[in-house]
Amino acid sequence: MTSVFEEKNISKAILRLGLPAMLGQLTTLIYNLADTFFVSLTREPATIAAVTLCAPILLIIMSIACIFGMGGSSVIARLLGEKKKKEAGTSMNFCVYAMTISGVLTLILGLAFLQPLANISGADADTIDHTCDYLRWIFAGAPFIMLANGFVHLFRSVGLIKEGTIGLVLGNGINIVLDYVFIAILGWGTAGAALATSLGFACATLYYFVCMIREESKGNPLVPWTPKRFSPSATMIRNVVSIGIPGALITVLMSVSNVVLNNYISIYGSGAVASYGIAYKLDMIPILLSVGLSQGVAPLVGYCYGGNDKKRMWDVVKYTILYGILMGAIFTGVFMLFGKPLAAIFLQDNALIQQTSHFLTILCLSAPMLGVINMITNYFQALGKAIQSLTITVLRNAVLFIPGVILLNSFWNLNGVIAAQPVVETILTIICILMYRRDLQTGNQ
């Protein structure tokens, strides 16, 4: 663990931490695309639209895991930088049990309010049955979805980077295989896609528990899983939750903003929703890779902060931002050149292919900016600066985005709705740079 966090070569340290996280995010993206691809084989826009409408609900479930996964990761990394291994292990134990309890509660409440949630998501007469089928199996797997997503962050914070990535890749790989079986062979449609997702996360969760048992048997004080180590203090809970909630709100508010967006796009018909769903899934490639890069190096930032190695911490942030901008620029160029062939992988209708390519060209304009926004957000989370992190989150998904969708729709209709993302990301990039510079100048690191 220390060999990773104490690597002197900054670029090498970023790659060692960032690449596995990016690989994990890439497999997540592949399974999302596989879901869409296999569902698209039904050749019914309503089924593709249903998967798109359910995406915000799935993100909300994952966001609850972020409270304890990302919050715990930030706390644990800083504790390790301060050489407090016992406290770090106790924090890990608390987060695992908190995610388990939260998952069971989500399962119960989700199934109890299934129909209202489908309606809130924007389902209409054409998509309501497909939407309910998908949500039913997603809620059934909620405990595993939460645990698997939270474990990824927790494992990175204690140096189990390889294990964290393997679990994510394993779960997503199983999901893809089951997608083929349940949708292409058995014809279960959206229900099959959701069941495959839940079973994939269940397998990943099992793998993570096996890793925890193995590490504890080896005497690793950072990975205790037995109930005997469940002894959270009020201070620990407050530290984890105060950082985890802004991290979770990133996903929650993204889901809320996506619900608003989906409702506006649905005004223009299920074809528009299907086109946007494909374009957004493709645009998720640079989004998730940028998220993986910044989340991967976040424990290193927290470790440097805990060890009071500020210069190294600033270098990590600077180089990560530069790599993120370069990566985003490359994807922008690729999507502009090859939008139609990429859309044709998922769609057969020429009008929808054209529309999807157009949407993708608009959405990808924000890709270079993600390197700035995601890294600065994770920087504040890693340092335990909840207010700054929360500010960026609220600005991004509520204060700027929702009014942006409404305003731009009134001016340019559907094109305006789609353009809300790059417009908001441009404004937010400037805000993030100003916040980061102010933080450096005040010397509060």
Side-chain angles (χ1 to χ4, degrees), residues 29 32-33 36 40 45-46 48-56 59 121-124 127 250-251 253-288 290-291 328-329 331-347 349-370 373-374 395-429:
L29 172 69
N32 270 290
L33 292 175
T36 305
S40 71
I48 302 175
V51 173
T52 302
L53 294 173
C54 292
L59 285 174
S121 296
D124 57 18
T127 59
I250 293 175
T251 309
L253 291 178
M254 184 186 300
S255 300
V256 172
S257 62
N258 279 343
V259 168
V260 173
L261 184 65
N262 287 335
N263 276 277
Y264 269 87
I265 294 175
S266 65
I267 295 172
Y268 302 95
S270 60
V273 176
S275 290
Y276 172 75
I278 300 297
Y280 183 70
K281 289 287 177 70
L282 290 168
D283 191 51
M284 286 295 289
I285 298 174
I287 291 175
L288 288 178
S290 176
V291 168
F331 276 103
T332 297
V334 170
F335 287 155
M336 285 185 169
L337 291 173
F338 303 106
K340 285 185 181 179
L342 289 170
I345 296 174
F346 305 94
L347 298 165
D349 184 275
N350 288 330
L352 289 180
I353 290 173
Q354 178 66 35
Q355 185 172 241
T356 301
S357 175
H358 177 62
F359 288 173
L360 183 59
T361 300
I362 297 173
L363 292 174
C364 74
L365 295 174
S366 62
M369 307 171 209
L370 299 173
I373 298 170
N374 289 328
L395 284 173
R396 186 179 201 174
N397 297 295
V399 175
L400 295 176
F401 188 79
I402 294 177
V405 169
I406 297 171
L407 183 63
L408 292 175
N409 176 69
S410 65
F411 281 108
W412 296 297
N413 300 319
L414 181 57
N415 283 331
V417 175
I418 305 301
Q421 176 177 309
V423 170
V424 167
E425 302 286 30
T426 301
I427 297 171
L428 191 62
T429 297

Any chance you could lay out the side chain to side chain contact (heavy atoms under 4.5 Å, CB included) test for Ile278 and Phe359, step after step, and finish with the verdict? CA-CA 9 Å; Ile278 300 297; Phe359 288 173; over 6 Å; no
Between Ser275 (side chain only) and Ala272 (backbone N and O only), is there a donor and an acceptor less than 3.5 Å apart? no
Can you list the residues that meet the ring pair (Phe, Tyr, Trp, His ring centres under 6.0 Å) rule with Tyr276, with sequence neighbours excluded? Tyr280
Under 4.5 Å between any side-chain heavy atoms of Asp349 and Gln355, yes or no? no
Could you go through the side chain to side chain contact (heavy atoms under 4.5 Å, CB included) check for Ile285 and Phe331 one step at a time? CA-CA 8 Å; Ile285 298 174; Phe331 276 103; 3.2 Å; yes
Measure the spacing between CG of Leu347 and NZ of Lys340 and express it to the nearest 0.5 Å. 13.5 Å
Spacing of NZ belonging to Lys281 relative to CG belonging to Leu288, to within rounding of 0.5 Å: 10.5 Å
Heavy atoms only: give me the nearest Phe335-Leu282 pair and the separation to one decimal. CZ-O, 3.2 Å
Are Ser357 and Phe338 side-chain neighbours, meaning at least one heavy-atom pair lies under 4.5 Å? no
Can you name the closest pair of heavy atoms from Asn397 and Ile402 and give their distance? O-CG1, 3.7 Å
Give the minimum heavy-atom separation between Gly328 and Ala367, together with the two atoms involved. O-CB, 3.4 Å
Interatomic distance, Leu400 atom CG to Ser257 atom OG [nearest 0.5 angstrom]: 11.0 Å
Heavy-atom side-chain contact between Gln421 and Asp283 under 4.5 Å: yes
Considering only distance and modelled atom types, tabulate donor-acceptor pairs under 3.5 Å from the side chains of residues 405-417, sequence neighbours left out.
residue, atom, partner, partner atom, Å
Asn409, OD1, Tyr268, OH, 2.7
Ser410, OG, Leu407, O, 2.4
Asn415, OD1, His358, NE2, 2.9

Nearest 0.5 Å, what's the CG-CG distance between Leu53 and Asn262? 5.5 Å
Do the side chain of Ser366 and the main chain of Glu425 share a donor and acceptor less than 3.5 angstrom apart? no
Considering residues at least two apart in sequence or located in another chain, which fulfil the side chain to side chain contact (heavy atoms under 4.5 Å, CB included) criterion with Ala343? Ile353, Thr356
Nearest-0.5 Å distance, CE of residue Met336 to CG of residue Leu365: 4.5 Å
N/O donor-acceptor pair under 3.5 Å between Thr332 side chain and Cys364 backbone: yes
